[in-house]
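Numbers restart at 1 for each chain; the letters A, B, ... are given by sequence-line order, proteins then strands.
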There are 2 protein chains.
Amino acid sequence: MQVKKRRVMSPKQAAACCRPVDDLLDPALFKALCDPTRTRLLGCLVKCGRACSVTEVAECCSVDFSVVSRHLALLARAEILVARREGRVVRYVVRYARLGKLLRELADAIEEHAPTEEPCCAGGRRGSC
Amino acid sequence: MQVKKRRVMSPKQAAACCRPVDDLLDPALFKALCDPTRTRLLGCLVKCGRACSVTEVAECCSVDFSVVSRHLALLARAEILVARREGRVVRYVVRYARLGKLLRELADAIEEHAPTEEPCCAGGRRGSC
DNA sequence: TTTTCACTTGCATGGGTGTGCAAACGTTAG
DNA sequence: CTAACGTTTGCACACCCATGCAAGTGAAAA
């Protein structure tokens with residue numbers, strides 16, 4: 001059985017390689033998800049499974065309309081939601097595929113670097129471990 | 001072929017059900033990941049694949065030692081890293097399995113709610129859509 | 001056109017937090 | 001013991017941002 005090669009390196013060396021992890025570990029995405037009000041609104045939208053107006057979503061939370069509007073706009077800017085105008089109503093929908101893909105790819109990328117041996121320093125040279 | 005039943009509901013109704021999504025959509029986790037410096041440090045640790053001292057990790061970034069120390073402690077508190085003392089050196093390791101599991105479960109939970117038909121309102125009653 | 005409705009934006013406020021410096025802490029070496 | 005090392009913590013500063021209110025925008029109804 002072919003075992004994947006894995007270089008043992010310092011954090012500084014690691015910083016300069018393996019782009020995929022860095023690209024997926026995007027602080028901008030997490031910044032959009034780090035606020036409790038925002039995750040609550042997003043949770044409602046996710047579970048709702050359809051396009052919802054700002055007014056509808058605002059019923060989930062005890063904050064001001066304007067706050068909900070701002071949060072939804074921010075989530076849309078982060079490409080987590082999409083906004084669609086229908087007359088004077090704006091409906092937001094979750095980008096299920098995109099969000100799922102991003103999170104899954106990140107999970108994969110992280111686990112890909114997990115050490116195979118339990119003791120993380122097995123077989124390493126003194127200098128690098 | 002058996003198709004999974006999916007309720008069509010308002011965001012407010014959605015807020016009161018489907019716990020798994022809410023539990024996984026935890027703002028505390030994302031709060032730990034929303035800072036650029038922190039994601040950079042985490043990225044280095046992830047790619048490094050072994051336990052690293054604070055000093056080592058600090059070489060990845062142009063910020064002060066104390067800042068790195070604080071960031072790593074915060075990531076450990078968020079259960080993204082684990083700290084281990086070795087003499088006067090403190091080494092941090094990524095909790096690969098936990099992090100991967102969390103992200104993958106979240107991805108699953110989100111995609112589970114994605115509407116199956118492309119138009120999200122197909123077949124819905126007027127009041128709920 | 002005027003009014004109403006759904007939403008967005010400007011403004012001010014308060015709280016949280018990332019940062020650097022310096023001091024303190026705990027551990028090991030001399 | 002003292003000294004050196006690696007790390008943490010206290011403090012001060014600056015900046016960002018979530019919030020609420022009020023005013024503004026744009027579209028549909030009257």
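- Regarding A:D35, its CG atom lies at a distance of 14 Å from the C1' atom of C:dT17, rounded to whole Å.
- Regarding B:R40, its CZ atom lies at a distance of 13 Å from the P atom of C:dT19, rounded to whole Å.
- Residues A:V82 and A:Y92 fail the side-chain proximity criterion, which asks for heavy atoms closer than 4.5 Å.
- Between A:P27 and B:L33 there is no side-chain heavy-atom pair separated by less than 4.5 Å.
- The shortest distance between side-chain heavy atoms of B:V54 and B:V89 does not fall below 4.5 Å.
- A salt bridge links B:R50 with B:E56: at least one charged nitrogen is closer than 4.0 Å to a carboxylate oxygen.
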Is there any protein nitrogen or oxygen under 3.5 Å from a nitrogen or oxygen in nucleotides 22-30 of chain C, and what are the pairs?
residue: C:dT27; atom: O2; partner: B:R88; partner atom: NH1; Å: 3.4

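- Computed from coordinates, the B:F30 CZ to C:dG16 C1' distance equals 20 Å when rounded to whole Å.
- Spacing between atom CG of A:L74 and atom P of D:dT19 amounts to 11 Å, rounded to whole angstrom units.
- Considering only side-chain N and O atoms, A:K31 lies nowhere under 4.0 angstrom from the phosphate OP1 or OP2 of D:dC16.
- If you run side chain to side chain contact (heavy atoms under 4.5 Å, CB included) between A:H71 and each of A:V63, A:L41, A:V57, A:L81, only A:L41 comes through.
- The two atoms that bring B:F30 and B:L106 nearest to each other are CZ-CD2, 3.6 Å, heavy atoms only.
- Phosphate contact (OP1/OP2 of D:dC17, side-chain N/O of A:H71, threshold under 4.0 Å): absent.
- In this structure, the CZ atom of A:R38 is 8 Å from the P atom of D:dT19, given to the nearest Å.
- In this structure, B:L72 atom CG and D:dT9 atom C1' are separated by 15 Å, rounded to whole Å.
- Dashed line: the shortest gap from a side-chain N or O of B:Y92 to OP1 or OP2 of D:dG6 is not under 4.0 Å.
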